[in-house]
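Each chain gets a letter, A, B and so on, in the order the sequences are listed, and its residues count up from 1.
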Amino acid sequence: MLPRLTLLVGLALAASPVLSQDYIDLEAERKAAASAEVSQPAPVTPSEPAAPVAAAPVSASPAEQQSGQNLGELMYQLQLLQQEVMNLRGQVEEQGHQLRQLKQQSLERYLDLDKRLGAGAVATSPDASKVVAATAVAAKPSVTEIPGETEAYKAAYGLVRSQRFDDAIAAFDTFLQSYPDGRYAANAHYWLGELYLVITPQDLEASRQAFTLLLREYPDNSKVPDALYKLGKVYFLKGNSAKSREYLERVIAEFGDSDSSAVKLAKDFLAENF
Amino acid sequence: MKQLPVASKALSIIFALVWMVGCASTDTSEADAAAAAAAEQAAAEAAAEQAEAEAANKASMMQQAIEDAASAAGNVLYFEFDSATLRPAAQDILDAHIALAKTNGDSIRLEGHTDERGTREYNMALGERRAKAVASYMAASGVAGYRIESVSYGEERPASSGSSEGSWSQNRRVEIK
Amino acid sequence: MKQLLFTMLAFLLLVAQARAELVIEITSGRDNPTAIAVVPFAWSGFGAAPEDVADVIQGDLMRSGQFAPVSNNDMLNLPTREDEVFYRDWRTTNTEYLLIGRVSGEATVTVEYELFDVFRQTRIIAASESGPVAELRMLAHRVSDKVYQQLTGIRGAFATRILYVAVNREGGEDVYRLMVADADGVRDKEVTRSTQPILSPSWAPDGKRIAYVSFETTRPAIYMHNLVTGEKQQLTNFKGLNGAPAWSPDGNSMAMVLSKDGSPDLYLLDLASRQFRRLTRHFAIETEPSWMPDGLSLVFTSDRGGKPQIYRLDIATGDTERMTYEGSWNARASIAADGRTMVMVHRADGNFHIAVQDLERDQLSILTSTALDESPSVAPNGSMVLYATKRNGRGILAAVSVDGGVRFRLPSREGDVREPAWSPYLD
């Protein structure tokens, strides 16, 4: 008997509108407070105005109808929000990708620079690239390594790598005073030219002088295409576009068939700025 | 407003109790009391029947109106390319079907479709997203979730063959069945 | 009466067979194909030869785009053994290589063949293939494989098969047939049919079992079918989506898409224990899983970034990484056996093309120029991509080489064909 009784009570409760009535009542109360909020905020996407939910036809009680609309409206808002979050995620992914690419590019540029410099620095060792060795020898046959020069150069260059640029300038100046005709003199001039561009404030004139000196004193040095390119940039920064262009075009004209990366940089710079 | 549900709850409990007492009393031998109760019940039933008939008449007219509204609205909801967001026009159609669903206990089959552009399995998922968007809207409007079945056909069952926007817009749809 | 019915039935079956059969049209080959003469093979069996082996081989080599078979009419003589070969005759017609051979046997046949380098006047292959006479075409394809490998250095993929879905309108309703055929479209056989959609056929690495999605219960479900025994089995039948089955390289598990827990996500089914493991959990669409050759990760399509793009999932760690950034729509990726080439559907200017991405250099190139290209499937040797497209309002299959240089079409005689899947190597 007992199981049957409880079952019946259960059925009676379920059949009566009690439960849904309770629920609707609660919703109706909330609705009063919430409706103002829901209807006010601007549509999430400008292209799609929040859809006005059409007045539901017939039958449904006003409370029921409104709760349906509220939930429907919420569903709609949720959908728009999900879409918005997905679009934003897409943008974050794409920007992250671009950032990685840019980082990679600048790392490659740095490594390239480092390599070219390193090639100059190790020119003394017998297994150094023949071209560098050959040009260095051709340029200054008298050049021989002076004891202590390599260490001094490496110390100054170490300051560049640890980004102590002001100290590096002082070190290269001292280096050039001690070894004015040393094996790494051309490299030191080149680095001074670079360093005057990265210190704050920039010293464009000092940079220009350093590069020009390198070109005049060491016309066959392997750093020449880079120095030409840098001079093009320095003149551009100084506002002398005619001279800038002249140097950049010289890089291409004189070294266009070499594998110097300065050629590409010069081309890119010309394409971007002229 | 607040008292109403409480009252109706109380009423149904009383109703259930009376019914149970009725059942229990048949087990006793007090036949007189039972006969009196039966007579009383018969009278109540007759009155209820009459009210019911009136209500039924009214209800059937209402029902007819709801059915007419649903069939007039049509049973196809259309979507934008690669989107499962219900357009306002689709919501109107849907509301008519929701009103109808509330008058019966029929199960509802929602068939999601896409146009032929894009890959088949992705479109299968997109068709499902469309059907589910409709299902959630219905559920939020008070149609019990267990009555709704969503099936996606992706791009496999186009309503209009042809490779132009004219056909594609006909194919990006959810059919209510 | 009974006999009439029977003949009518037989006729209907024949018609059904002819309908789905694919016809090859070569649309573009390489600029400097190698000239090779495939001389008609001698047949020493009883009656007429069951297959023109040389013709099959010519077709294979021609379709690769790398060879220009010499027409039989241009052959000055038709040697079938080495002592009948006169190099001078072939040099005058600028033939670079010469293939001759002989077919013998009855129930079991043997194809002996010899390949000659005309200019160096040497024999470079002398070998044979044997098997049941019913598989003579397959033996011919294997000869093609050997010749292709000898002359290009790449393993041939002619002795392989393809799965595809053919759809015909019959008596007012669409009939979907899952078909299996040789890689050249010939010897097509119906695997299963339904008046409800069939899609996403996928090969097991053993080349014997396949999986596909069928709506035959009016809802999608994944089935496994053994092509050798004909045994068919329903693998999944969950509420919602059951789709995109992809067999793991070791054949022990299957990646798939289910939406039983809400939105479409990737799951891994262990075929022995029948245990499912959920691989992704996101409210966006995740679908179209495809394995990296090492079996450690999957690539898949997801629109978690607003538009479908290709992501890679490390199965052990669950880490995902987006792989495509070019274009606003990329889907259905598959990775070639070398693990370096990813083929996918890419949307450009509103049209859907087959594109290939070099995973090492991250470079994307578009291979096709038609508008509604989909379902790319890479040959096991990574040379060609088979895909579905539309031509004159009909669904057809087409193929393009991974470098875009070679193209051919495989239209069916009637109805639509779609969803091609290239088998793995079968031997």
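Judged by distance alone, with hydrogens and angles left aside, the side-chain atoms of B:K132 form a donor-acceptor pair with the main-chain N or O of C:G262 at under 3.5 Å. The backbone N or O of C:L241 sits less than 3.5 Å from a side-chain atom of B:E128, completing a donor-acceptor pair.
Here CG of C:L199 is found 5.0 Å from CD of B:E156. Values are rounded to the nearest 0.5 Å. Atom-to-atom distance recorded for B:Y122:OH and C:R332:CZ is 15.0 Å, nearest 0.5 angstrom. The CZ atom of B:R109 lies 8.0 Å from the CZ atom of C:R219; values are rounded to the nearest 0.5 Å. Atom CZ of residue B:R157 and atom CG of residue C:D174 lie 7.0 Å apart, to the nearest 0.5 angstrom. The OG1 atom of C:T287 lies 11.0 Å from the CG atom of B:L126; values are rounded to the nearest 0.5 Å. If you take CD on B:E116 and CZ on C:R418, they are separated by 10.0 Å, rounding to the nearest 0.5 Å.
Annotation: B:E165, atom CD; neighbour count of heavy atoms from other residues, nucleotides and ligands within 6.0 Å is above 12. Within 6.0 Å of atom CG in B:D106, more than 12 heavy atoms from other residues, nucleotides or ligands are found, so the atom counts as buried in its surroundings. Annotation: C:R278, atom CZ; neighbour count of heavy atoms from other residues, nucleotides and ligands within 6.0 Å is above 12.
Below 30°, between 30° and 60°, or above 60°: for B:F81 and C:F352 the angle between ring planes is above 60°, a perpendicular geometry.
Here the options are C:V213, C:T301, C:V257, the test is side chain to side chain contact (heavy atoms under 4.5 Å, CB included), and the partner is B:E121; only C:V213 passes.
In terms of heavy-atom pairs under 4.5 Å with chain B, the best-connected choice from C:P220, C:A244, C:G243, C:P264 is C:A244. Of the listed residues (C:A388, C:P308, C:A371), the greatest number of heavy-atom pairs within a distance under 4.5 Å of chain B belongs to C:P308. For the set C:V167, C:V345, C:T218, the count of heavy-atom pairs under 4.5 angstrom toward chain B peaks at C:T218. Chain C forms more heavy-atom pairs under 4.5 Å with one residue of B:G154, B:G118, B:A131 than with any other, namely B:G118. Looking only at heavy-atom pairs under 4.5 Å with chain B, the residue among C:S259, C:S263, C:G393, C:G350 that has the most is C:S259.
With a 4.5 angstrom heavy-atom cutoff, C:E286 does not touch chain B via any of its atoms. When heavy atoms are compared at a cutoff of 4.5 Å, B:R129 approaches chain C solely by way of its side chain, counted from C-beta outward. Using a 4.5 Å cut-off between heavy atoms, C:K239 does not touch chain B at all. When heavy atoms are compared at a cutoff of 4.5 Å, B:S163 approaches chain C solely by way of its side chain, counted from C-beta outward. For chain C, the nearby part of B:E155 is the side chain; its heavy atoms alone come within less than 4.5 Å.
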